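In what follows, a single structure is set out as structure tokens and then discussed.
Letters A, B, ... are given to chains in the order of the sequence lines, protein chains preceding strands, and every chain is numbered from 1. Bear in mind that the values here come from a model prediction, so they are computed numbers and not experimental data. FYI, side chains are in, hydrogens and waters are out, and symmetry mates aren't considered; it's all heavy atoms of this structure.
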There are 2 protein chains.
Amino acid sequence: MQLVPSAKQAFVENVGHVAECNLLYLLVFENFRNYINKYSTTPLTDEQFGVVRSCFRPKTVRKRQYFLQEGEVCKYFGFIVKGAMRQYSVDDKGVEHIVGLSIENWWVGDRESWVMLTPSTYNIDAWEDTELLVVTKADTVQIVQQIPSINEMVRKMDEMHSIAIQKRINASVSLPADKRYTDFVNSYPSLVQRFPQHLIASYLGITKETLSRVRKRALGK
Amino acid sequence: MQLVPSAKQAFVENVGHVAECNLLYLLVFENFRNYINKYSTTPLTDEQFGVVRSCFRPKTVRKRQYFLQEGEVCKYFGFIVKGAMRQYSVDDKGVEHIVGLSIENWWVGDRESWVMLTPSTYNIDAWEDTELLVVTKADTVQIVQQIPSINEMVRKMDEMHSIAIQKRINASVSLPADKRYTDFVNSYPSLVQRFPQHLIASYLGITKETLSRVRKRALGK
DNA sequence: AAAAAAGGTTGACATATGTCAATGTTACTT
DNA sequence: AAGTAACATTGACATATGTCAACCTTTTTT
């Protein structure tokens, strides 16, 4: 039995009609095309997009199911079409530490495992039922080499990613817990609404109790 | 009066002879060429390297002088040929928070300011007298577009950078201070020897006193 | 509707880390 | 050699955060 139904199947279940399913498919890829064009100076030609499209496979991950599990090599990177996922490590004592929270139009995967082909030390699972477009490394190498816009997009996204992650490091070494939280709320209001507090606390490197108290004090002001 | 002598001048001062100076110049760029080739699948042709070389300008930054100052836009990225630099922010109370420590064969610059053309919130200064090869953004765009090996190198370096920085975030949310320190010592033994403890403490997000005590306890075991 | 599960808050207390001041040590400057 | 500055260590104490347990609310499941 197939635990994870195919993405197409999932879309069908969602909308109930095959006709609408195909329409949704089109919409998903159109959205993706716009996303790519937003990050490059020259829009993709139809032919180029055809190549890109053939490299990305829709995939559904149901709530609480893994996209990547500790010990596996990260063979796919995923673009979230709809849904919410979290990336976390588990320490000696079995405590989960959130290192990433992602929603629509974000990418998920473990770069280290992906690049180095080493077993991942992270888990990535779905916090909500999630629709992804996934791509293999081989295909990524292909389209990055062949299609300048994709090359440009990947470079820009790496840049943005580096910038975001640098800010997070700066916050972690230079801000106390309460500032880190307000900083987070200002930077990612959409995440605050999608994930419960105890996950955000973990993301910030504090306990849920501390976050609860920090929030209370912030209200008092 | 020129506070920062030209890089060539600096080399001359170091070695004392113009002949050796030119030789050093050659060696510096040969080293740089090897560095680039190490990160790409096809070596640079002589012609390509000529272009690259023309884009990188030697620069000397004396100990305690700024490479980038808070409020400036980061116009140059630098490759450290010899020396040691630190990148830090300064908080409301005037306390410095180290966000980066760099030595030979590392790159320095503020990605956010560089990419977004916004005033930097960081300072970068020399901890030791430092020789750099610096490049402007315009030139970077040129060679990344024109020379596949450079494109590849930049992408790979961004990848490595992302991986390293991701590990640091994971450490900061999931490890206590003592583990963060041993982790750091294992990951960057060369930095431990080049920078004093209070800078490393700041890099780890703890005070120098805490680091001193952490080290003492670690010895006891 | 009842039960269970997940999330959130609060209090009491323990622990880790920060702060401040004094002192020791090392390396550099004159 | 003396003096100074930078770095490191230590102690006493304050503060922030963690831990554990109880309790409450909301949502989900049965």
(message) Measure CG/A:L211 against P/C:dG7 and give the value in whole Å, please.
(response) 14 Å

(request) Name the nucleic acid region contacted by B:I206, choosing base, sugar-phosphate or nothing; use a 4.0 angstrom heavy-atom cut-off, strictly under. (result) sugar-phosphate

(message) Rounding to an integer number of Å, can you tell me how far A:D178 CG sits from D:dT15 P?
(response) 15 Å

(message) Without decimals, in angstroms, what is the distance between B:R86 CZ and D:dA6 P?
(response) 12 Å

(request) Decide if the gap between the ring center of A:F32 and the ring center of A:F79 is smaller than 6.0 angstrom. (result) yes

(request) Would you tell me if any nitrogen or oxygen in the side chain of B:H198 comes within less than 4.0 Å of OP1 or OP2 on D:dA6? (result) no

(request) Please tell me if the side chains of A:Y181 and A:V185 come closer than 4.5 Å, counting only heavy atoms from C-beta onward. (result) yes

(message) When you measure from the side-chain N and O atoms of A:T207 to the phosphate of D:dT17, is any distance below 4.0 Å, counting only OP1 and OP2?
(response) no

(message) What is the distance, to the nearest angstrom, from the CD atom on B:E128 to the C1' atom on C:dC28?
(response) 15 Å

(request) State whether A:R64 and A:D125 are salt-bridged, where the test is any N-O pair (Lys NZ or Arg NE/NH1/NH2 against Asp/Glu carboxylate O) under 4.0 Å. (result) no

(request) Please tell me which of the listed nucleotides, C:dT10, C:dG8, C:dT17, lies nearest to the side chain of A:E209? (result) C:dT10

(message) Could you tell me how far apart B:R217 (CZ) and C:dT15 (P) are, to the nearest whole angstrom?
(response) 13 Å

(message) Does this structure show an ion pair linking A:D158 with A:R111, if we count only N-O contacts that are shorter than 4.0 Å?
(response) yes

(message) Could you tell me how far apart A:Q197 (CD) and C:dT10 (P) are, to the nearest whole angstrom?
(response) 11 Å

(request) Quickly work out the B:I200 CD1 to D:dA8 C1' distance and round it to whole Å. (result) 13 Å

(request) Choose from D:dC7, D:dT9, C:dT17 the nucleotide whose nearest atom is closest to any side-chain atom of B:S212. (result) D:dT9

(message) Starting the side chain at C-beta, find the nucleotide from D:dT19, D:dT9, D:dA12 nearest to B:R213.
(response) D:dA12

(request) Round to a whole Å and report the spacing from NZ of A:K63 to P of C:dA5. (result) 15 Å

(request) Return no unless some side-chain N or O of B:K208 is found under 4.0 Å from OP1 or OP2 of D:dT9. (result) no

(request) Hey, can you tell me if B:W107 and B:Y35 have their rings parallel, tilted or perpendicular (30° and 60° cut-offs)? (result) tilted

(request) Considering just the side-chain nitrogens and oxygens of B:K216, establish if one lies under 4.0 Å of OP1 or OP2 belonging to D:dT9. (result) no

